[in-house]
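Comments concern the structure below.
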Amino acid sequence: MNKTNKILIILFITLFAINLNYGQEKRAYKRGYSKELAQTFSTFQKDLLSKEMKLWKRHHEALKTSLSDSQEEIVNDNSMSKRQRHEKIIISLDKNQKEMVKKFEQRTDTIRKKFYESLTEVQKTLIKKRRRKSSLCSNNTS
């Protein structure tokens, strides 16, 4: 009986770990574009997306290194939600940090503008298909 219990526990833990891993992968994919849409991207569009990601990572690291000790405490405070931490960090940014964020937003906006200008009608349709209407929009149309 003891051996059977150990096997069952190991089996349960393994299944639980696999389920967690699968769930995390599935959620991570949903943040991006659908597979159907991603297959239609040209090399130019893929280059723009990778350029945006590289730029975002570089600016994220630059901003991260400029944080003060009190700002780092806010970032590491797990008692707040991500949104609350984000709001507190934005409020606590000094003039130089705000300027850094503003320049970052301008750079990424130019890349995003080029990307959206390069989309075909089919791609635009696929993007709109994935979006959900907010409850406010559906209430206003009634």
Side-chain angles (χ1 to χ4, degrees), residues 2-120 122-142:
N2 197 10
K3 218 176 201 183
T4 307
N5 287 341
K6 287 180 183 179
I7 292 172
L8 287 174
I9 290 173
I10 291 172
L11 182 64
F12 176 74
I13 291 172
T14 305
L15 288 174
F16 184 72
I18 290 171
N19 189 26
L20 277 178
N21 191 23
Y22 175 75
Q24 289 173 348
E25 286 177 14
K26 193 172 182 180
R27 269 185 268 126
Y29 184 75
K30 284 191 173 188
R31 288 185 214 133
Y33 297 103
S34 68
K35 286 182 183 179
E36 185 182 14
L37 176 61
Q39 291 171 350
T40 66
F41 288 156
S42 67
T43 49
F44 175 72
Q45 291 168 328
K46 290 176 184 177
D47 289 342
L48 286 174
L49 289 173
S50 67
K51 193 183 290 186
E52 181 187 359
M53 280 303 295
K54 287 177 187 175
L55 183 66
W56 188 88
K57 286 179 183 178
R58 189 173 28 166
H59 280 77
H60 180 76
E61 288 300 318
L63 185 63
K64 199 174 182 182
T65 58
S66 74
L67 293 178
S68 67
D69 291 338
S70 61
Q71 290 170 330
E72 285 182 18
E73 286 177 13
I74 294 171
V75 170
N76 296 326
D77 185 4
N78 291 329
S79 66
M80 295 184 282
S81 68
K82 283 185 179 182
R83 182 181 298 255
Q84 290 170 329
R85 285 183 284 195
H86 177 76
E87 289 171 356
K88 278 193 166 188
I89 286 293
I90 295 298
I91 291 170
S92 71
L93 294 178
D94 63 27
K95 188 177 180 178
N96 292 335
Q97 290 170 327
K98 286 181 182 179
E99 188 65 31
M100 188 186 309
V101 169
K102 185 179 178 182
K103 287 179 182 177
F104 161 67
E105 288 173 350
Q106 289 172 341
R107 288 182 189 135
T108 54
D109 283 347
T110 57
I111 293 172
R112 288 178 184 162
K113 184 178 179 184
K114 285 181 186 178
F115 177 77
Y116 285 113
E117 288 173 351
S118 72
L119 291 173
T120 65
V122 173
Q123 290 170 330
K124 288 177 184 177
T125 306
L126 289 172
I127 289 173
K128 288 178 185 174
K129 178 180 162 185
R130 181 143 189 242
R131 290 185 185 153
R132 295 181 190 159
K133 289 188 177 182
S134 69
S135 59
L136 294 175
C137 290
S138 60
N139 288 341
N140 290 338
T141 59
S142 300

[atom1] of [X] to [atom2] of [Y]: how many Å apart, nearest 0.5 Å?
X	Y	atom1	atom2	value
Y116	L48	OH	CG	11.5 Å
H59	K57	NE2	NZ	15.0 Å
H60	M53	NE2	CE	10.5 Å
R85	I90	CZ	CD1	13.5 Å
K113	T110	NZ	OG1	9.0 Å
L49	K51	CG	NZ	11.0 Å

If I compare all heavy atoms of [X] with all of [Y], which pair ends up nearest, and what's the gap?
X	Y	result
I74	K88	CG2-CB, 3.8 Å
F104	L55	CE1-O, 4.2 Å
K124	L119	CE-O, 3.7 Å
I111	E52	CG2-CB, 3.9 Å

Is any side-chain heavy atom of [X] closer than 4.5 Å to a side-chain heavy atom of [Y]?
X	Y	value
E99	K103	yes
Q123	L37	yes
V75	L67	yes

Show your reasoning for whether side-chain contact (heavy atoms from CB on, under 4.5 Å) applies to T40 and T120. CA-CA 9 Å; T40 66; T120 65; 5.9 Å; no
Is the side chain of Q45 donor-acceptor paired with the backbone N or O of S42 at a distance under 3.5 Å, no angle test? yes
Measure from the side-chain N and O atoms of Q97 to the backbone N and O of D94, and report whether any donor-acceptor pair falls under 3.5 Å. yes
Are more than 12 heavy atoms, taken from residues, nucleotides or ligands other than K114, located less than 6.0 Å from that residue's NZ atom? no
